[in-house]
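Just below is one structure, and these are the notes that go with it.
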Amino acid sequence: REAAGNCDVAADSCGRKETMNFKITKFAIAAMAVLCAGMCLAGPKLTVFVMQRPSPVTEGMIRYVMILGIGYLLAALAFFCLGSLYRLIGRIERDEIFVGENVNSLHTIAREVGAAAILSLILGIFCTVLMLAVAVMAAFMTLIIRVIRHSFEKAVSMKDELDLTI
């Protein structure tokens, strides 16, 4: 009987910890959106800063327009990705874990991060070599997200099969 009481206390503590983790994650997503918005507002100034570094291929106004334009495209991808992440974490928080919507969200997020990798690669080749590191990291993240997506997809399939047998 005493052990059961301790279990209830532990479960309550665990539930509060889980709730706090979701709040922290949602806050981090919102903070990233604010940071991204700030970078959009400072886009021209950030572009001038990047222009001070040497370029592998392009120079002058062409380079400026490429950096600024692709930077804004990357920002749009970031906003879409953050929105997808926020909706995904919301469903997981509601215990909607192994559902088709989450598989679709992970697929969308992988495409968004993959597109960011391609755009970063273009920037790295033509405008600033530092973006090559971002491209490699984004490509690596795309692979990780795809593996997680496939795991979720398999879990959804197994859950659906199990639901049919009951």
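Since we're looking at a predicted model, the values are computed, not measured. Along the sequence shown, residues are numbered consecutively beginning with 1.
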NZ/NE/NH1/NH2 to OD/OE distance under 4.0 Å, Glu93 and Lys26: yes

Start with the C-alpha distance between Ile62 and Phe126, add both sets of side-chain angles, then the distance that settles side chain to side chain contact (heavy atoms under 4.5 Å, CB included), and finish with yes or no. CA-CA 10 Å; Ile62 292 172; Phe126 292 101; over 6 Å; no

Any side-chain heavy-atom pair from Met32 and Leu85 closer than 4.5 angstrom? no

Hey, mind stepping through Phe98 and Asp160 against side chain to side chain contact (heavy atoms under 4.5 Å, CB included) and telling me if it holds? CA-CA 9 Å; Phe98 298 118; Asp160 290 347; over 6 Å; no

Phe22 side chain near Ile92 side chain, heavy-atom distance below 4.5 Å: yes

Taking the side chain as C-beta and beyond, is there a heavy-atom pair between Val136 and Leu121 under 4.5 Å? no

So which atom in Ala117 and which in Ala139 form the shortest heavy-atom distance, rounded to 0.1 Å? CB-N, 3.7 Å

CG (Leu162) and OG (Ser157) are apart, to the nearest 0.5 Å, by 11.0 Å

In the single-linkage hydrophobic clustering (I, L, V, M, F, W, Y; side-chain heavy atoms under 4.5 Å), do Phe80 and Tyr72 co-cluster? no

Could you see if Leu143 belongs to whatever hydrophobic cluster contains Ile118? Use Ile, Leu, Val, Met, Phe, Trp, Tyr and a side-chain cutoff under 4.5 Å. no

Transitively linked via ILVMFWY side-chain contacts under 4.5 Å: Val65 with Ile67? yes

Do the side chains of Ser55 and Thr128 get nearer than 4.5 Å, heavy atoms only? no

Run the side chain to side chain contact (heavy atoms under 4.5 Å, CB included) test on Ser105 and Arg91 for me, step by step, so that the C-alpha distance in whole Å, both residues' side-chain angles and the decisive distance to 0.1 Å come before the verdict. CA-CA 11 Å; Ser105 285; Arg91 282 192 299 274; 2.5 Å; yes

Shortest non-hydrogen contact between Met51 and Gly60, atoms and distance: CE-O, 3.4 Å

Minimum heavy-atom distance Thr47-Tyr64, with the two atoms named: CG2-CD1, 3.3 Å

Cut-off 3.5 Å, side chains only: do Arg111 and Thr142 have a donor facing an acceptor? no

Could you go step by step and tell me if Leu77 and Leu73 meet the side chain to side chain contact (heavy atoms under 4.5 Å, CB included) rule? CA-CA 6 Å; Leu77 284 170; Leu73 287 174; 5.7 Å; no

Using a 4.5 Å cut-off on heavy atoms from C-beta on, say whether the side chain of Glu153 contacts that of His107. no

Below 4.5 Å, heavy atoms only, C-beta onward: do Val129 and Leu132 meet side chain to side chain? yes

What's the shortest heavy-atom distance between Val156 and Val99, and which atoms? CG2-N, 3.5 Å

Out of curiosity, does Met39 fall in the hydrophobic cluster containing Met131 (side-chain heavy atoms, cut-off under 4.5 Å, transitive links)? no

Determine the minimum heavy-atom distance between Ala110 and Arg146, stating which atoms define it. CB-CG, 3.9 Å

Hydrophobic cluster identity match, Phe140 and Ile109, side-chain contacts under 4.5 Å: yes

For Thr108 and Ser84 the tightest heavy-atom approach is CG2-OG, 4.0 Å

Residue pair Cys36 / Phe79, side-chain heavy-atom distance below 4.5 Å: yes

Is there a side-chain contact between Leu68 and Pro44 in this structure, where contact means two heavy atoms from C-beta onward sitting under 4.5 Å apart? yes

